[in-house]
Amino acid sequence: MKKTKTSGFSKPGLLLHFLKGSRHLFLITVVSMFALTLLEMIPPQVISFTVDTVLGEEKSSLPDFVLNAVYSIGDRTFWQGHLGIIAIVIVAVALLAALCRYVSRVYTVRASETLVKRTRDLLFSKIQRLPFSWHMKNQTGDIIQRCTSDVEVIKNFISEQLLSLLRIVVLLILSLYFMFSMNVMLAIVATVAVPIVITYSVYFRSKFSAIFQECDENEGVLSTIAQENLTGARVVRAFGRENDEKEKFERQNVKYTDAWIKLCRWLSAFWAAGDLISGLQIMIILVLGTVECVRGNMTLGTLLAFISYNNMLIWPIRGIGRVISEMSKAGVSIDRIAYIMNSEEEKDGENDLTPPLSGDIVFDHVTFAYDKAKVLDDVSFTIRGGSVFGILGGTGSGKSTLMLLLTRLYELPEGCGTISVGGVDVRAIKLSWLRKNIGTVLQEPFLFSRTLGENIGIAKENITLDEIREAAKIAALDETVMDFPKQYDTIVGERGVTLSGGQKQRAAIARMLTEHATVMVFDDSLSAVDAETDAKIRASLDRAFGDATVILISHRITTLMKAEKILVLDGGRVAELGSHDELIRLGGIYKKIYDIQTNVEGGDDE
């Protein structure tokens with residue numbers, strides 16, 4: 001299985017990808033909005049006809065084919081005596097417009113929520129396939145913020161701003177058509193406002209974009225601080241860090257607030273400029289229109305219709321500016337989501353293997369670094385299949401890194417040595433097969449907010465209670481759980497906070513044992529367990545899984561001393577390798593640690 005790079009999404013391509021499944025809903029919305037816009041064009045023409053032709057004696061500005069249809073029903077005298085019909089027409093048009101508006105809004109909501117669901121599903125699925133190294137480089141709070149707030153921004157942009165833009169375009173075309181047919185001079189005055197609004201909107205957009213990104217990034221940091229404090233509440237209280245964490249949150253909150261205040265200042269200037277331009281345009285139209293009526297170049301009905309169309313036009317024009325300004329925020333959010341969607345993910349290669357993993361595990365001249373900080377330096381050793389192998393080393397010596405590379409949570413780069421199981425390079429083994437057959441209990445076990453039974457049985461489908469209890473017995477947990485009031489139905493708090501450290505470790509061990517893995521790795525996972533329980537668990541493992549390869553990583557010599565071979569790491573290099581007796585005779589690092597832990601050194605024999 002190889003780690004391959006996903007094809008990159010462009011912004012439009014990413015939006016189209018997210019829109020699959022909701023395009024037909026948005027199409028219905030667009031059609032209903034188009035119909036609504038056409039219906040809104042009718043009342044001003046009806047009012048113009050009524051004022052100029054029915055109540056006055058001016059020629060209507062309606063197209064000839066429309067006038068012919070109207071006069072086929074009755075002449076001017078007929079319409080003077082049946083003004084109620086005109087009122088009914090206006091009401092009917094209003095009802096149809098209301099129906100179109102209802103359909104538009106209903107389908108907008110359906111389409112936008114469908115879009116949100118698909119987007120979040122795709123993001124969650126993508127994140128699940130991203131490598132462990134990616135998760136280590138990205139803060140949880142920031143990832144959550146991208147999958148929540150940024151998704152909402154995109155939804156609002158598409159469902160509100162983008163659809164509004166389509167409506168604005170149609171409204172502009174129709175309004176300007178009627179306005180130019182009524183009075184060219186006034187129509188030109190009305191049109192002049194369009195490039196002005198677009199120009200200052202583009203100017204403000206350049207300002208908004210950087211500030212929107214600053215707000216998003218500060219929100220991500222704020223979310224991370226909150227998330228860390230909520231999940232690490234016990235640590236905060238245990239060390240009396242409440243005030244320090246509160247001050248840290250408040251400092252970040254001030255940055256976040258200041259960024260939004262700065263943004264609001266620019267938004268206020270943007271909308272104030274829009275109000276000024278809109279007010280001036282309306283005033284000029286009203287003054288010039290009145291002059292045109294006095295001069296006889298325009299009828300009163302036509303002026304009323306023109307003003308109606310202008311009012312329809314002025315808000316869409318400002319809407320263009322709003323869309324442009326919102327586009328800045330949406331652009332930032334799309335970029336942040338695209339970062340996730342375009343990140344490299346793990347995929348099975350066509351020729352990946354599923355070999356038996358019961359053979360020898362060989363680390364051959366393995367060198368590895370995290371961001372250029374070398375952790376392992378030319379490490380070579382062999383773990384005999386079916387044996388118990390111990391690893392000892394100080395903090396940062398690379399013990400856990402060995403197992404991360406073995407399970408390919410981190411990939412070993414080409415040219416940095418090889419890791420093989422039964423003679424097969426782990427990079428050529430199907431990843432799901434590799435991790436299924438190498439059970440790992442991590443140094444910091446994670447338990448979900450579910451029942452204890454669900455946590456233990458999470459690795460195996462259709463697992464029975466008897467199987468769960470059997471694994472728990474081997475992990476020396478069953479007796480403890482049976483003393484709980486709800487036994488295996490006991491709800492485990494978030495991250496296992498309702499259990500002690502030793503209980504969490506034993507629950508994680510039981511969870512791993514349900515897989516019946518060929519290779520079992522215990523990464524310092526017995527550190528919170530007392531020595532007696534430690535010995536009991538190891539004895540149970542030997543009885544139940546005697547043919548499995550067991551790798552013990554520990555600081556406790558008593559946990560490692562019965563291993564067939566023990567590897568001692570120092571500064572990322574192999575310092576010592578041998579059995580307990582051999583290492584004791586060697587008199588090196590292992591012997592010194594053994595003496596300290598057994599109190600040989602320190603004067604106890606005085």
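Quick caveat: nothing in here was measured; it's all calculated off a predicted structure. All values below come from the heavy atoms of this structure, side chains included, with hydrogens, waters and symmetry mates left out.
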Contact between [X] and [Y] at the side-chain level, heavy atoms closer than 4.5 Å - yes or no?
{"X": "F363", "Y": "L406", "value": "yes"}
{"X": "L569", "Y": "L567", "value": "yes"}
{"X": "L434", "Y": "R408", "value": "yes"}
{"X": "I127", "Y": "C147", "value": "yes"}
{"X": "I429", "Y": "T354", "value": "no"}
{"X": "L14", "Y": "M341", "value": "yes"}
{"X": "V379", "Y": "R573", "value": "no"}
{"X": "L409", "Y": "P131", "value": "no"}

Partners meeting side chain to side chain donor-acceptor pair (under 3.5 Å) with [X] (sequence neighbours left out):
{"X": "R384", "answer": "E564"}
{"X": "S149", "answer": "E219"}
{"X": "D121", "answer": "K117"}

Would you call the rings of Y370 and F368 parallel, tilted or perpendicular, taking 30° and 60° as the class edges?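 Rings of Y370 and F368: perpendicular, as their planes differ by over 60°.
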Between [X] (side chain only) and [Y] (backbone N and O only), is there a donor and an acceptor less than 3.5 Å apart?
{"X": "K399", "Y": "H555", "value": "no"}
{"X": "R427", "Y": "S420", "value": "no"}
{"X": "S380", "Y": "H365", "value": "yes"}
{"X": "R469", "Y": "D478", "value": "no"}
{"X": "R506", "Y": "A472", "value": "no"}
{"X": "Q487", "Y": "F484", "value": "no"}
{"X": "T382", "Y": "V362", "value": "no"}
{"X": "D570", "Y": "A575", "value": "no"}
{"X": "E454", "Y": "T451", "value": "yes"}
{"X": "T549", "Y": "G386", "value": "yes"}

Check against side-chain contact (heavy atoms from CB on, under 4.5 Å), K562 and V388: CA-CA 8 Å; K562 292 186 179 180; V388 177; over 6 Å; no
Kindly give the heavy-atom pair with the smallest separation between [X] and [Y], and that separation in Å.
{"X": "A517", "Y": "A548", "value": "O-CB, 4.1 Å"}
{"X": "G417", "Y": "L412", "value": "O-CD2, 3.4 Å"}
{"X": "V519", "Y": "I551", "value": "CG1-CD1, 4.2 Å"}
{"X": "F249", "Y": "A226", "value": "CE1-CB, 4.3 Å"}
{"X": "V375", "Y": "G398", "value": "CG1-CA, 3.7 Å"}
{"X": "V441", "Y": "I509", "value": "CG2-CA, 3.8 Å"}

Euclidean distance, [Y] [atom2] relative to [X] [atom1], rounded to 0.5 Å:
{"X": "I589", "Y": "K592", "atom1": "CD1", "atom2": "NZ", "value": "7.5 Å"}
{"X": "I566", "Y": "L552", "atom1": "CD1", "atom2": "CG", "value": "9.5 Å"}
{"X": "R336", "Y": "R146", "atom1": "CZ", "atom2": "CZ", "value": "4.0 Å"}
{"X": "K436", "Y": "H516", "atom1": "NZ", "atom2": "NE2", "value": "11.5 Å"}
{"X": "I463", "Y": "T514", "atom1": "CD1", "atom2": "OG1", "value": "4.5 Å"}
{"X": "N138", "Y": "L130", "atom1": "CG", "atom2": "CG", "value": "8.5 Å"}

Show your reasoning for whether side-chain contact (heavy atoms from CB on, under 4.5 Å) applies to E470 and D466. CA-CA 6 Å; E470 182 61 30; D466 289 340; over 6 Å; no
Of all residues at least two apart in sequence or in a different chain, which pass the ring-ring contact (aromatic ring centres under 6.0 Å, His included) check with F18?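 Counting only residues at least two positions away or on another chain, F18 forms no ring-ring contact (aromatic ring centres under 6.0 Å, His included).
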Please list all pairs meeting ring pair (Phe, Tyr, Trp, His ring centres under 6.0 Å) that have one or both residues in residues 388-408, counting only residues at least two apart or in different chains.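 For residues 388-408: F381-F389.
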Does the side chain of T418 pick up a donor-acceptor pair with the side chain of D425 at under 3.5 Å?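 No - no donor-acceptor pair under 3.5 Å links their side chains.
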side-chain contact (heavy atoms from CB on, under 4.5 Å) between I419 and D364, worked out: CA-CA 6 Å; I419 303 172; D364 185 20; over 6 Å; no
Using 4.0 Å as the upper bound for N to carboxylate O, is an ion pair formed by K155 and E113?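 So E113 pairs with K155 through a salt bridge.
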Working note: W134 + I143, criterion side-chain contact (heavy atoms from CB on, under 4.5 Å); need CA distance, chi angles, decisive distance, verdict. CA-CA 11 Å; W134 184 90; I143 296 172; 3.6 Å; yes
Is there a side chain to side chain donor-acceptor pair (under 3.5 Å) between R129 and S125 once you walk through the steps? CA-CA 7 Å; R129 298 193 302 272; S125 177; 2.6 Å; yes
Can you run down the salt bridge (charged side-chain N to carboxylate O under 4.0 Å, His left out) pairs that involve residues 574-588, sequence neighbours left out, and say none if there aren't any?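 Residue pairs passing salt bridge (charged side-chain N to carboxylate O under 4.0 Å, His left out), neighbours aside: K565-E582.
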Do H580 and Y594 pass the side chain to side chain donor-acceptor pair (under 3.5 Å) test, and can you show the C-alpha distance, the side-chain angles, and the key distance before you say yes or no? CA-CA 10 Å; H580 171 73; Y594 174 79; 4.7 Å; no
